[in-house]
K.L.:
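Sending over a structure as structure tokens; questions will come in a sec.
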Amino acid sequence: LPLWHGCSAAVADEIMSKGPAYLAKTDDGPFGAGVYLTPQPEYAATFPASKLSGSTGVGEVVLLLCAVCVGSAYPLTRGADMEVSESGVMQCKYRNRPLHPGCDAHYVLVDVHKCFSPPQADSPSRQHFEEVVVASGAQVLPLAKVVAKADWSKLSMHLLSCSPES
């Protein structure tokens with residue numbers, strides 16, 4: 001699968017020089033421990049852009065276009081995989097944990113109007129972005145490094161303005 005991974009320039013340089021195994025150390029994550037990627041470059045750009053500092057929130061973000069090998073993907077759903085934590089917050093039961101047994105990837109549709117979690121059962125096709133979490137950096141081959149200028153305030157407004165019908 002051709003997928004995007006957003007990161008800082010320093011992390012991208014580490015990945016490009018030390019190989020994709022470096023990716024596996026980057027995120028325990030909300031949908032399971034592994035490497036997070038997406039088919040939507042604008043969504044991938046939100047992760048490094050959210051770390052832009054300064055009064056303007058404008059700067060360079062790095063996106064890695066990767067070839068990703070997925071053998072068996074487990075689709076995360078709100079009904080089966082989301083639960084209320086002890087603090088009363090809805091979160092995925094795989095948060096900071098290994099992926100579903102027997103699977104080397106998680107696939108999740110993300111609804112921005114549901115705090116970037118899976119859509120509700122009554123509207124399963126309502127999603128704005130996709131996330132793929134793979135278990136190992138060995139499943140990821142970086143093909144290209146893309147550097148882009150990003151304005152965090154404009155990018156976040158764009159993401160949050162997605163209509164429910166998108």
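If you're wondering where the values come from, they're calculated on a predicted model, not measured in any experiment.
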K.L.:
Roughly how far apart are S8 OG and E14 CD, rounded to 0.5 Å?
P.N.:
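Taking OG in S8 and CD in E14, the distance rounds to 9.0 Å.
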K.L.:
Let me know which of V132, V134, V70, V140 forms a side chain to side chain contact (heavy atoms under 4.5 Å, CB included) with L3.
P.N.:
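With L3 as partner, side chain to side chain contact (heavy atoms under 4.5 Å, CB included) holds for just one option, V132.
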K.L.:
Could you tell me the separation between the NZ atom of K93 and the CZ atom of F31, rounded to the nearest 0.5 Å?
P.N.:
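Atom-to-atom, K93:NZ and F31:CZ are 14.0 Å apart.
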K.L.:
Please report the C-alpha distance between Y74 and L99 in whole Å, then the side-chain angles of each, then the deciding distance to 0.1 Å, and finally whether the side-chain contact (heavy atoms from CB on, under 4.5 Å) criterion is met.
P.N.:
CA-CA 8 Å; Y74 176 77; L99 301 185; over 6 Å; no
K.L.:
Could you grab the distance from atom CG of L37 to atom CH2 of W4, nearest 0.5 Å is fine?
P.N.:
11.5 Å
K.L.:
Please find the pair of heavy atoms, one from A150 and one from V61, that lie closest to each other, and give the distance.
P.N.:
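Smallest interatomic distance, heavy atoms only, reads CB-CG1, 3.7 Å.
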K.L.:
Test L65 against L63 for side-chain contact (heavy atoms from CB on, under 4.5 Å), laying out the working first.
P.N.:
CA-CA 6 Å; L65 176 60; L63 302 175; over 6 Å; no
K.L.:
May I ask you to test the L76-M82 pair for a side-chain heavy-atom distance under 4.5 Å?
P.N.:
no
K.L.:
Working to the nearest 0.5 Å, report the span between CD of Q40 and CD of E131.
P.N.:
9.5 Å
K.L.:
To check you understand the geometry: which heavy-atom pair defines the closest contact between A12 and L64, and what is its length?
P.N.:
CB-CD2, 4.2 Å
K.L.:
Return yes if some donor-acceptor pair links the side-chain N/O of H5 with the main-chain N/O of A44 below 3.5 Å, else return no.
P.N.:
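No; zero donor-acceptor contacts below 3.5 Å.
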K.L.:
Looking only at heavy atoms, what is the nearest atom pair of I15 and P142, with distance?
P.N.:
CG2-CG, 3.7 Å
K.L.:
Rounded to the nearest 0.5 Å, how far apart are OG1 of T38 and CG of L1?
P.N.:
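It comes to 11.0 Å.
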K.L.:
Working to the nearest 0.5 Å, report the span between SG of C92 and NE2 of H106.
P.N.:
7.0 Å
